[in-house]
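Notes follow once the structure below has been shown.
The first residue of the sequence shown is numbered 1, and numbering continues consecutively from there.
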Amino acid sequence: MGDIHDDIVGIVDEKKQTFSWPLNGREGNVEVIAKSILSDYHKANQKENLSGNSGVHNSHAGVWLRPDVEHIKINCDAAWQKESGKAGLGLVARDYKGEVLFSGGRLECYASSPLEAEAKAIHWAMTRAICKGYSHVIFETDSLCLVKALHNKVTPLQIASLFSDILSKSMTFNVCNWSFVKREGNRVAHSIASLALSCHHEFTLDGSVPSCANVWMFKDVILSNLE
């Protein structure tokens with residue numbers, strides 16, 4: 001455990017010079033960040049891998065992993081309000097280095113369920129990827145039931161039309177993979193989705209994420225260096 005801790009401290013110190021450091025004071029201390037990341041790392045490894053026998057891409061479902069050099073990975077998530085039906089959508093696209101290509105959020109006026117909200121997030125992510133001209137893409141979400149349905153092409157009746165459109169859009173890519181990651185590995189997209197609930201206009205950022213997602217993005221990069 002000591003070796004892993006020392007490795008994390010070294011990586012954090014190195015990456016601190018590369019990234020726009022998101023925290024100040026005690027929270028910005030390398031040792032504090034390293035201990036937090038080490039805790040997240042052990043929690044992710046202790047939890048059961050829900051995607052183990054499902055045929056779903058991502059064998060380390062508790063941690064965000066960088067894609068290979070040929071792929072772009074787009075993490076997406078939805079924050080759904082049961083009372084109003086509103087849903088905030090969030091996404092972040094990253095390359096094999098873990099660098100952000102773009103991020104974005106938007107508010108959906110209505111989604112009938114969390115599943116529909118998550119499907120809308122994937123649908124929007126695919127639309128943005130097509131606009132960017134990406135050809136080899138991994139779409140990652142923390143909705144396991146949606147990823148299983150997409151992988152097995154089993155249509156959930158409550159989102160039949162939207163699901164069909166997602167499958168249709170997937171044909172425009174040379175490679176389109178579906179990946180499940182637990183909430184711990186999808187914090188960047190989730191924080192953006194939560195932010196989008198309070199935004200009246202769609203927003204996109206090239207090469208960065210909103211400030212609310214900075215610390216989660218940094219942790220993703222550090223943890224991905226340990227795998």
Side-chain angles (χ1 to χ4, degrees), residues 56-58 64-80 86-111 114-144 146-147 149-151 159 161-181 183 185-214 216-217 220-221 224:
V56 175
H57 186 81
N58 191 350
W64 181 83
L65 297 179
R66 289 174 290 176
D68 62 45
V69 68
E70 295 181 350
H71 289 80
I72 302 300
K73 179 182 280 190
I74 302 182
N75 283 77
C76 47
D77 199 11
W80 183 66
K86 291 181 179 179
L89 311 184
L91 62 82
V92 56
R94 287 172 282 192
D95 64 13
Y96 70 99
K97 296 179 182 178
E99 295 181 356
V100 175
L101 301 175
F102 73 93
S103 64
R106 67 180 291 180
L107 177 66
E108 284 286 334
C109 293
Y110 183 75
L115 180 62
E116 182 178 357
E118 296 284 0
K120 286 188 172 187
I122 284 186
H123 185 272
W124 183 49
M126 297 180 79
T127 300
R128 298 303 305 159
I130 291 170
C131 289
K132 292 285 186 180
Y134 297 151
S135 60
H136 295 66
V137 188
I138 300 168
F139 294 97
E140 190 164 77
T141 174
D142 55 28
S143 175
L144 181 58
L146 182 56
V147 172
L150 288 165
H151 180 82
I159 57 168
S161 178
L162 180 58
F163 189 84
S164 176
D165 199 26
I166 289 173
L167 291 180
S168 178
K169 280 183 179 294
S170 72
M171 301 301 292
T172 65
F173 301 97
N174 291 341
V175 175
C176 178
N177 290 328
W178 316 111
S179 176
F180 166 71
V181 68
R183 175 60 60 82
N186 207 35
R187 294 285 187 183
V188 177
H190 180 72
S191 62
I192 299 173
S194 298
L195 174 66
L197 273 174
S198 61
C199 297
H200 297 293
H201 303 287
E202 178 180 317
F203 64 87
T204 56
L205 300 172
D206 289 327
S208 65
V209 296
S211 58
C212 64
N214 270 335
W216 301 116
M217 182 189 69
D220 279 352
V221 173
S224 69

* Do the non-hydrogen side-chain atoms of L107 and C199 ever get within less than 4.5 Å of each other? -> no
* Asked: Mind checking whether R94 and N75 have side chains closer than 4.5 Å, heavy atoms only?
  -> yes
* Minimum heavy-atom separation for S103 to S208, with atom names? -> OG-O, 2.7 Å
* If you look at every heavy atom in S191 and A213, which pair is closest and at what distance? -> OG-CB, 3.2 Å
* Scan for salt bridge (Lys or Arg N to Asp or Glu O under 4.0 Å) pairs involving residues 203-213, sequence neighbours excluded, and state none if there are none. => K132-D206
* **Check: N214 and S211 side chains under 4.5 Å, non-hydrogen atoms** => yes
* Over all heavy atoms of both residues, which pair between I74 and A93 is shortest? Give the atoms and the distance, please. => CG1-CB, 3.7 Å
* **Heavy-atom check, side chain of K73 versus side chain of W64, under 4.5 Å** => yes
* **Residue pair A111 / E116: nearest heavy atoms and the distance that separates them** => C-OE1, 3.7 Å
* Asked: Is a donor on one side and an acceptor on the other found under 3.5 Å between the side chain of N186 and the backbone of C76?
  -> yes
* Does some side-chain heavy atom of L146 sit less than 4.5 Å from a side-chain heavy atom of I159? -> yes
* Got a second to check how far L197's CG is from L89's CG, nearest 0.5 Å? -> 9.0 Å
* Structure fact -> Here the gap from I122 atom CD1 to D77 atom CG, rounded to the nearest 0.5 Å, amounts to 10.0 Å
* salt bridge (Lys or Arg N to Asp or Glu O under 4.0 Å) partners for E108, two or more places apart -> R106, K120
* L115 side chain near F163 side chain, heavy-atom distance below 4.5 Å -> no
* Asked: How long is the gap from CD1 on I138 to OG on S179, to the nearest 0.5 Å?
  -> 6.5 Å
* Structure fact -> d(F180 CZ, D142 CG) to nearest 0.5 Å is 7.0 Å
* Asked: So, does S168 use its side chain to make a donor-acceptor pair with the main chain of D165 at under 3.5 Å?
  -> no
* Structure fact -> To the nearest 0.5 Å, atom SG of C131 lies from atom CE of M126 at 12.0 Å
* Asked: Do L91 and R128 come close enough that some side-chain heavy atom pair is under 4.5 Å?
  -> yes
* K169, NZ atom: more than 12 neighbouring heavy atoms under 6.0 Å -> yes
* Asked: Is the side chain of S224 donor-acceptor paired with the backbone N or O of V221 at a distance under 3.5 Å, no angle test?
  -> yes
* Asked: Side chains of W216 and H190: does their closest heavy-atom pair fall under 4.5 Å?
  -> no
* **Gap separating the CG atom of L150 from the OG1 atom of T141, nearest 0.5 angstrom** => 9.0 Å
* Specify the closest pair of heavy atoms between A117 and A87, including all atoms of both residues, with the distance to one decimal. => CB-CB, 3.9 Å
* Asked: Of all heavy-atom pairs between W124 and F203, which one has the smallest distance, and what is that distance?
  -> CH2-O, 4.4 Å
* How far apart are the C-alpha atoms of M217 and V100, what are their side-chain angles, what is the distance that settles it, and do they pass the side-chain contact (heavy atoms from CB on, under 4.5 Å) test? -> CA-CA 9 Å; M217 182 189 69; V100 175; 3.1 Å; yes
